[in-house]
2 protein chains.
Amino acid sequence: MVMPAPAAAGPGGAAPGSVGDVRRSNLALVLGAIAEFPPGIHPSRAQVAGATGLTKASVSSLVLDLLDAGVIREIGLNPQGRGRPGVGLELSPSRSVMGMEINVDYISAAVVGLSGTVLLRQVEERDNRNSMDKPVLAALAALAAEVRSAARDQGVEVLGGGLAVPGLVDPARARVLTAPNLGWVDVDLDLDALLPGTALGVALFNEANAAALAELRHRADRGSTFLFVSGEVGVGGGIVIGSELFTGPGGHAGEVGHIVVDPDGGHCSCGGTGCLETVAGQDAIFIAAGLAPDVGSRSATMSALLQALESRVPQAVTAVERAGYFLGMALASTARVVDIDSVVLGGHFAVLEPWLRAPLLESLHKYAPGKYASEQVTVSAVGEFGALLGAAGSVIRSLVEAPHRLQP
Amino acid sequence: MVMPAPAAAGPGGAAPGSVGDVRRSNLALVLGAIAEFPPGIHPSRAQVAGATGLTKASVSSLVLDLLDAGVIREIGLNPQGRGRPGVGLELSPSRSVMGMEINVDYISAAVVGLSGTVLLRQVEERDNRNSMDKPVLAALAALAAEVRSAARDQGVEVLGGGLAVPGLVDPARARVLTAPNLGWVDVDLDLDALLPGTALGVALFNEANAAALAELRHRADRGSTFLFVSGEVGVGGGIVIGSELFTGPGGHAGEVGHIVVDPDGGHCSCGGTGCLETVAGQDAIFIAAGLAPDVGSRSATMSALLQALESRVPQAVTAVERAGYFLGMALASTARVVDIDSVVLGGHFAVLEPWLRAPLLESLHKYAPGKYASEQVTVSAVGEFGALLGAAGSVIRSLVEAPHRLQP
DNA sequence: CTCATATAGTTCAGGCAATGAACTAATACT
DNA sequence: AGTATTAGTTCATTGCCTGAACTATATGAG
């Protein structure tokens with residue numbers, strides 16, 4: 001009897017592991033070292049050797065491959081005091097990645113150089129509320145093509161892209177499971193159509209996750225660990241552990257908006273009851289503050305809310321404080337489950353932070369004493385375009401971690 | 001000016017990546033393949049080659065190293081129908097790992113062969129409630145030495161061990177942060193004293209995490225993802241994602257016992273308010289059921305509770321149902337945050353499952369509709385000694401994943 | 001009983017990648 | 001101008017995997 005071999009290198013089974021893997025791994029190591037130097041500082045081969053632990057000889061050979069692939073370039077000379085000056089190395093600014101975003105009120109695209117500089121950005125207002133997916137994607141594809149050709153005119157090649165969408169996504173299958181504000185359910189996206197013929201293709205991200213990644217890039221320190229909570233129409237979240245996005249087994253962890261905070265509360269768009277979103281989402285706050293959300297655009301309503309807060313209108317203040325208190329409760333539970341005790345407030349939580357902070361800290365102290373120090377509650381440093389830039393940045397990072405994907 | 005190199009292979013920095021790494025990785029690959037064959041089935045070198053994708057030549061060479069290290073052995077012949085029969089390979093049963101546990105009422109130690117068979121097990125009753133750590137560890141060290149010499153008499157060598165403790169631990173620093181039922185706070189453990197002179201040393205585990213690992217070993221399928229909730233005096237939890245324990249950035253994720261489920265509820269031993277533990281911990285259930293927890297031992301009280309449930313005493317039934325309902329609420333939140341929708345009930349939750357199940361499912365359906373299918377709520381297959389065996393099993397697995405640690 | 005066939009496992013030349021030492025290149029200090 | 005110093009390259013060596021050839025050991029047919 002021939003025994004059936006248990007899953008020949010199948011799912012979960014490690015790869016064969018050959019000698020060529022070493023080169024791939026070291027290629028990434030070298031490129032990563034170059035990328036991690038502060039912007040404006042261009043390390044020499046010798047410095048890269050020092051940073052990676054590889055020998056100068058190995059680094060020279062690896063750098064040659066990276067130059068051939070066009071991922072990095074030599075730039076200027078680097079006087080080291082004595083001795084022969086090193087030639088500076090940097091990620092190639094003429095290679096780029098496109099960040100894209102579909103949101104309720106607009107679509108947008110940006111070209112980001114591998115070194116992180118934003119080369120082009122274009123936003124197109126568009127009402128995507130309850131819009132079908134096909135026309136939205138077609139419009140985005142047109143926008144992307146336009147921006148891409150503008151980049152090409154500058155001699156910049158787009159290697160791939162990342163798309164951020166406000167909803168639950170399955171990145172592996174290029175599928176949007178649900179995006180309540182777009183009215184999408186189980187939508188398969190033809191991502192390759194957005195950037196045809198690129199080496200890396202287009203990756204799909206949840207909006208809050210992408211914004212969390214943007215926040216991560218803004219923090220220079222390695223090994224960052226935090227929870228990014230994004231207050232939008234819904235309440236999204238992204239978990240970053242040790243500078244890695246934690247997406248969970250199914251790809252959509254971090255959905256703090258649907259933690260139960262009010263067991264006897266109202267129904268949620270997700271079908272649940274008493275979710276954080278029902279008390280701390282934009283519409284929930286607006287309604288509690290006595291502002292009808294359908295009067296004018298959302299940003300207008302938000303301005304009205306801010307004005308009411310400035311004027312200390314009791315109903316508005318109470319509404320926001322209530323949201324902060326419940327947010328704290330959700331964060332307390334999150335701290336226990338994923339062992340995180342640092343939070344970054346994004347979206348409307350960032351805007352409302354002055355009024356949110358006190359009740360939030362009070363609530364954290366009550367429900368998770370000793371977990372969140374006050375200085376661990378911070379406001380996002382990335383602005384409105386966080387998701388856009390985060391998506392692009394993440395694709396850049398995945399390229400840096402696997403540069404061999406560019407070499408045939 | 002010499003630029004300061006950014007962290008030469010420091011924390012977060014990848015290893016140099018040499019050619020020898022390939023061998024280490026493939027050593028683990030081969031050993032893992034041998035380990036993953038069902039117990040009783042001893043694969044030949046050729047079968048291992050098929051399973052791993054390596055060539056027969058490589059496997060032969062790697063197997064030789066593993067034989068030299070004593071991790072595996074050849075056993076019998078394996079007729080394949082036609083042709084020369086293969087020689088069977090298996091994890092060496094004469095090499096073992098010791099699982100150890102400190103709990104409220106006992107200490108225990110077990111010797112588990114690399115192939116997973118329990119060779120020896122010894123439990124020593126001991127009241128560790130509010131006991132100092134030093135005498136408890138001394139008693140455990142004596143027990144371990146005894147069991148270890150008994151193993152040696154059978155020709156079995158103990159390579160290392162794992163210790164499970166009912167409390168929050170920092171595995172990296174061999175530290176128990178808090179173990180309420182033992183009365184321990186910030187206790188540093190001298191783990192090496194438990195098994196002096198072993199190659200692998202002793203690893204530290206949270207009890208619920210260890211039990212989760214034991215549960216994992218019982219499930220043959222790869223890529224298991226579930227939340228193990230352990231009902232003991234406290235309520236612990238262990239998160240397994242893709243057959244890996246998820247411990248979080250600080251090493252103590254999965255503490256579902258302290259998710260907030262009753263915002264206006266009572267104080268918890270952790271200092272928080274309305275934690276799951278305050279309504280679903282053993283003592284909480286006992287009190288709610290009208291059974292004084294200090295009357296006799298806990299197991300006696302549990303028997304009384306079960307009898308009351310059998311007799312359908314309303315107060316007891318309500319108490320357990322309430323616990324189940326709140327447990328469901330905590331699981332609903334967990335599903336959102338870590339994207340898990342499969343739960344294994346352990347400890348008293350396993351015992352009480354017949355009465356818990358209905359309210360638990362009702363609660364899950366209300367707070368996280370569509371996340372947990374009914375068949376995803378299961379009862380633990382591992383018994384009382386889960387933590388003990390899980391700790392040992394995890395150490396065995398870490399050895400399988402890095403066998404080069406045995407070769408100087 | 002013998003030979004063809006099939007499978008297991010070993011041996012060996014070839015290739016790839018990192019290493020370390022020797023070497024060339026380019027700068028600053030004296 | 002000469003020396004010290006640092007950057008980067010060249011080359012022989014080593015280690016490991018691969019693939020092909022080879023040996024070893026079984027089954028089944030005539």
Side-chain angles (χ1 to χ4, degrees), chain A residues 1-5 9 14-30 33-34 42-67 72 74-89 403-404 407, chain B residues 1-5 9 14-30 34 42-67 72 74-89 404 407:
Chain A
M1 273 296 182
V2 174
M3 277 301 140
S18 162
V19 61
D21 296 340
V22 177
R23 187 134 190 106
R24 273 189 284 282
S25 146
N26 285 339
L27 227 39
L29 189 64
V30 166
I34 296 172
H42 309 305
S44 65
R45 288 166 174 78
Q47 285 175 311
V48 171
T52 57
L54 293 163
T55 62
K56 287 188 299 174
S58 303
V59 171
S60 270
S61 160
L62 291 160
V63 160
L64 211 65
D65 278 15
L66 294 173
L67 286 170
I72 61 175
E74 296 185 325
I75 173 173
L77 289 187
N78 230 338
Q80 302 296 324
R82 286 257 232 253
R84 167 177 171 180
V87 287
L89 300 171
H404 62 269
Q407 302 167 310
Chain B
M1 274 298 178
V2 174
M3 278 301 141
S18 162
V19 62
D21 296 341
V22 177
R23 185 132 191 109
R24 273 189 281 282
S25 146
N26 284 338
L27 227 37
L29 189 64
V30 166
I34 295 172
H42 309 306
S44 65
R45 288 165 174 77
Q47 285 175 310
V48 171
T52 56
L54 293 162
T55 62
K56 288 189 299 175
S58 303
V59 171
S60 269
S61 159
L62 292 160
V63 160
L64 211 64
D65 278 14
L66 293 173
L67 285 170
I72 61 173
E74 296 185 324
I75 174 173
L77 289 188
N78 231 338
Q80 303 296 325
R82 284 257 232 249
R84 170 178 169 178
V87 288
L89 299 171
H404 63 269
Q407 302 167 310

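In what follows, every chain begins at residue 1, and chains take the letters A, B, ... in the order their sequences are listed.
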Next on the checklist: Taking the side chain as everything from C-beta on, heavy atoms only, tell me whether L77(B) gets closer than 4.5 Å to V87(B).
Outcome noted: yes
Rounded at 0.5 Å granularity, tell me how far [atom1] in [X] sits from [atom2] in [Y].
| X | Y | atom1 | atom2 | value |
| --- | --- | --- | --- | --- |
| E74(B) | R45(B) | CD | CZ | 4.5 Å |
| S58(B) | L27(B) | OG | CG | 11.5 Å |
| I34(A) | L66(A) | CD1 | CG | 6.0 Å |

Taking [atom1] from [X] and [atom2] from [N], how many angstroms apart are they, rounded to a whole number?
| X | N | atom1 | atom2 | result |
| --- | --- | --- | --- | --- |
| R23(B) | dC16(C) | CZ | P | 20 Å |
| R24(A) | dA18(C) | CZ | C1' | 15 Å |
| L77(B) | dT27(D) | CG | P | 11 Å |
| H404(A) | dC16(C) | NE2 | P | 18 Å |

Checklist entry - dT18(D) phosphate, OP1 or OP2: any side-chain N/O from S58(B) under 4.0 angstrom? => result yes
Item to check | Phosphate contact (dA17(C) OP1 or OP2) by N26(A) side-chain N/O below 4.0 Å | outcome: no
Item to check | Over all atoms of both residues, closest heavy-atom pair of R23(B) and S61(B) | outcome: NH2-OG, 2.6 Å
Next on the checklist: Pair L89(A), I75(A) - check side chain to side chain contact (heavy atoms under 4.5 Å, CB included), show working.
Outcome noted: CA-CA 6 Å; L89(A) 300 171; I75(A) 173 173; over 6 Å; no
Checklist entry - Using a cut-off of 4.0 Å between protein heavy atoms and nucleotide atoms, how would you tag nucleotides 2-13 of chain C 5' to 3' with B, S and -? => result ----BBBBBB--
